[in-house]
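Before any comments, here is the structure.
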Amino acid sequence: MNGTSEGPAPAADLGPAVTESDESLAPRAVRTEPPAYRSVFTTAPLAMAVVDAEGLVVSANDTLGALLGTDPDALAGSVAADLVDLASDAGTWHAYREVLRGHRARLRCTRRLKRADGHSLWAQVTVEPLAGSGGSGDGDATGLLLSVADVSARRELQARLRHLQMHDPVTRLPNRALFFERLTAALEAESYEHGGTGRIGVCYLDLDGFKAVNDTHGHRVGDRLLAAVAERLTRCAEEAAQARSGVPLVARLGGDEFALLVEDSTGTDQLADLAGAVLTALQPPFELSDRRLSVTASVGVVERHTAGTTPTALMQAADTTLYWAKADGRARWTLFDPERNANRMTRQALAATLRPAIERGEFALEYQPLVGMEDGRVRGVEALIRWNHPQFGVLAPNRFIALAEEDGSIVPLGRWILRTACHQARRWQLAHPDEPPIFVSVNVAVRQVWDSDLVADVARTLEETGLAPQLLQLELTESAVMGSAGRPLQVLKALSDMGVHIAIDDFGTGYSNLAYLSRLPVSVLKLDGAFVRGFQYEAVPDAAASGTAGVANPADEVIVEAMVQLAHRLGLTVTAECVETSDQASRLRRIGCDTGQGWLYSRPVAPDRISALLGHAEPGGPAGVQAGVGNP
């Protein structure tokens, strides 16, 4: 029958074949039974055969002959294991021999058999001891009953049900379950041992703006569009297979998400070509009856070795890359980037541990001096938060403040910063009673204004620490302050009425609504560092020397001077950020800038190093500050 034996040849192991003239075996097993049994056996609707202790067919009934398309008498003497393909796998072959020897009560398996006319059928094969012949495990079994039931119809029904279960009804493509079944099998197969590449690739795509199609035209039109997209993707996969071995599996994973699985991929170039072909295939508009619809897609591309890869990890990478493609502008494909993914994973790890880190006390404040441009004295300090992360080390605010704003943890974190900074400012004041007290400047996020009672938090902190309101400055970004109305404006006015100074940080990079500026309760403008960084001499060729000479760039100075004069006319003071050179400081001082902040004076430092600066001053410059701290 169909199949080749993986075990030893049954005939050689179980004895010689029986011929029709061998009177010692052929008639004996049946002749011992009454005539009524013979009649029932012969005409039974179930295909059966009697097998002797050597594994040879003694007799077969008419039903078995009809099932196999042969004369039942011709089956006598056949090797039963060959007749129903029991030797095609080692497990079944071993179980059959155990039944034959009386060490096992029954064997039941499903086999694909081939009829004499060449047609195949699925059959359920059962082998068990003849009634009264033993089989209880004592080893005295003398005969077996082999029964064969045609289960082709049931198998066909199961196959149809499985097809329905594993395929999407809208597009008729393989669904998520079948896709992951194929993906898992591909990752488990060691294809490189059989001439394969040992690599795998996935193009994971999502239709851009598909929800709008459903909302505008209805789900019926949306389904038709999905079916049309599936047809193009299938053609694209078939065309890609002309130059590569194997046709990529196209599946609909759900909604408007599709995937193309490339087994034994040859590298990222193959997947990139396929992704590009997909985008090209989707470019022409879709003609759906009386509607003409256009659609684009974003595609995430992943290609890697199968070794060490799991279905979950592969699809997580594909999903991440698809998100990148959408974030990068849609209607494009993006290749998985391990470094970019590592940054994303780090970001997720930080987001997950932010709130617990506040409770564990992993944060600390450093302070950067705000220096008077005329006398070089420290007028105040800006509190800058650092995260002493147990895994990633010391993290600057740009690594986690945006995350804190996203998940709302900026509110408790902001309260901690405010309270800690005010306590420190009060300690400096008490430690240096003979020196003018310095103010502390604290950054405030917009979400703190909306999601907390900032006015109450500030009032409570000032009362708790004993710090005078005028020694606290709150910094908000220009984009957050400009255009403020309603609650934000009320909060700013309440804080200003309390005596707290309000500063606009990074001024000049946002809305720059100067007309609105006069109506805000603001007392300080902090010029963005971009102005100061460009506020330096321009190198030009020196005609009298082989090098270059520096000349002032008048445009930069005019712009900064205009902003300083405007601020002074409005009664505001001006702080210049990112002051790094003495030349910058001299020019800023000449045009009237009030205070400066930057590495020329000091990097952000611990509180005790600020104490060393207090009392140091050198009229006309920052030398006293530099002597106290310098650049670590």
Side-chain angles (χ1 to χ4, degrees), residues 361 363-386 397 413-444 448 454-476 492 494-503 505 521-524 526 572-577 594-598 601-619 621-630 632:
F363 293 94
L365 292 184
E366 292 183 344
Y367 301 88
Q368 188 169 30
L370 299 166
V371 179
M373 301 296 292
E374 290 297 327
D375 58 9
R377 285 187 177 275
V378 177
R379 303 297 186 189
V381 293
E382 180 180 355
L384 299 170
I385 191 169
R386 302 290 186 262
L413 184 60
R415 288 196 187 103
W416 180 87
I417 296 172
L418 177 66
R419 186 169 58 254
T420 304
C422 289
H423 272 293
Q424 183 59 59
R426 180 60 174 160
R427 282 194 289 270
W428 284 322
Q429 184 181 8
L430 295 175
H432 301 273
D434 297 332
E435 298 293 335
I438 63 172
F439 67 88
V440 64
S441 189
V442 176
N443 291 278
V444 175
Q448 290 177 260
L454 183 61
V455 176
D457 289 342
V458 170
R460 187 183 308 109
T461 300
L462 293 176
E463 181 180 2
E464 174 187 326
T465 60
L467 188 70
Q470 63 268 23
L471 296 180
L472 174 62
Q473 175 175 289
L474 300 180
E475 296 186 20
L476 290 87
L492 295 180
L495 292 170
S496 180
D497 292 343
M498 190 186 301
V500 175
H501 292 175
I502 305 298
D505 195 15
V522 174
S523 55
V524 180
K526 296 189 72 175
L572 310 178
T573 61
V574 179
T575 297
E577 298 179 298
D594 301 288
T595 55
Q597 177 181 0
Y601 309 111
S602 172
R603 294 173 183 264
V605 294
D608 58 339
R609 301 189 68 185
I610 295 295
S611 297
L613 295 177
L614 300 180
H616 289 280
E618 180 177 315
V625 176
Q626 290 175 298
V629 176

- Message: Would Val378 and Tyr601 count as a side-chain contact (heavy atoms from CB on, under 4.5 Å) here? Give the steps.
- Response: CA-CA 10 Å; Val378 177; Tyr601 309 111; over 6 Å; no

Within the structure provided, determine whether [X] and [Y] are in side-chain contact (heavy-atom separation under 4.5 Å).
X	Y	result
Tyr367	Gln424	yes
Glu435	Arg377	yes
Leu492	Leu474	no
Glu382	Asn443	yes
Ile610	Ile438	yes
Leu462	Val500	yes
Leu472	Val440	yes
Arg386	Pro604	yes

Looking only at non-hydrogen atoms, find the nearest pair between [X] and [Y] and report the distance.
X	Y	result
Pro437	Gln429	CB-CG, 3.9 Å
Thr595	Gly372	CG2-CA, 4.2 Å
Pro369	Val381	CA-CG1, 4.0 Å
Met498	Ala459	CE-CB, 4.1 Å
Leu365	Ala383	CD1-CB, 4.3 Å

Separation of [Y] [atom2] from [X] [atom1] (nearest 0.5 Å):
X	Y	atom1	atom2	result
Leu495	His501	CG	NE2	12.0 Å
Ile417	Ile385	CD1	CD1	3.5 Å
Glu464	Arg426	CD	CZ	13.0 Å
Gln470	Ser523	CD	OG	11.5 Å
Lys526	Leu476	NZ	CG	12.0 Å
Thr465	Arg460	OG1	CZ	12.5 Å

- Item | side-chain hydrogen bond (donor to acceptor under 3.5 Å, both in side chains) against Gln473, all qualifying residues, sequence neighbours excluded | Ser441

- Message: Given 3.5 Å as the limit, does a donor-acceptor pair link the side chain of Asp594 with the main chain of Thr575, or not?
- Response: no

- Query: Would you say the side-chain atoms of Thr573 pair up with the backbone N or O of Val524, donor to acceptor, closer than 3.5 Å?
  - Reply: no

- Item | ring pair (Phe, Tyr, Trp, His ring centres under 6.0 Å) involving Phe363 - partner list, sequence neighbours excluded | Trp387, Phe400

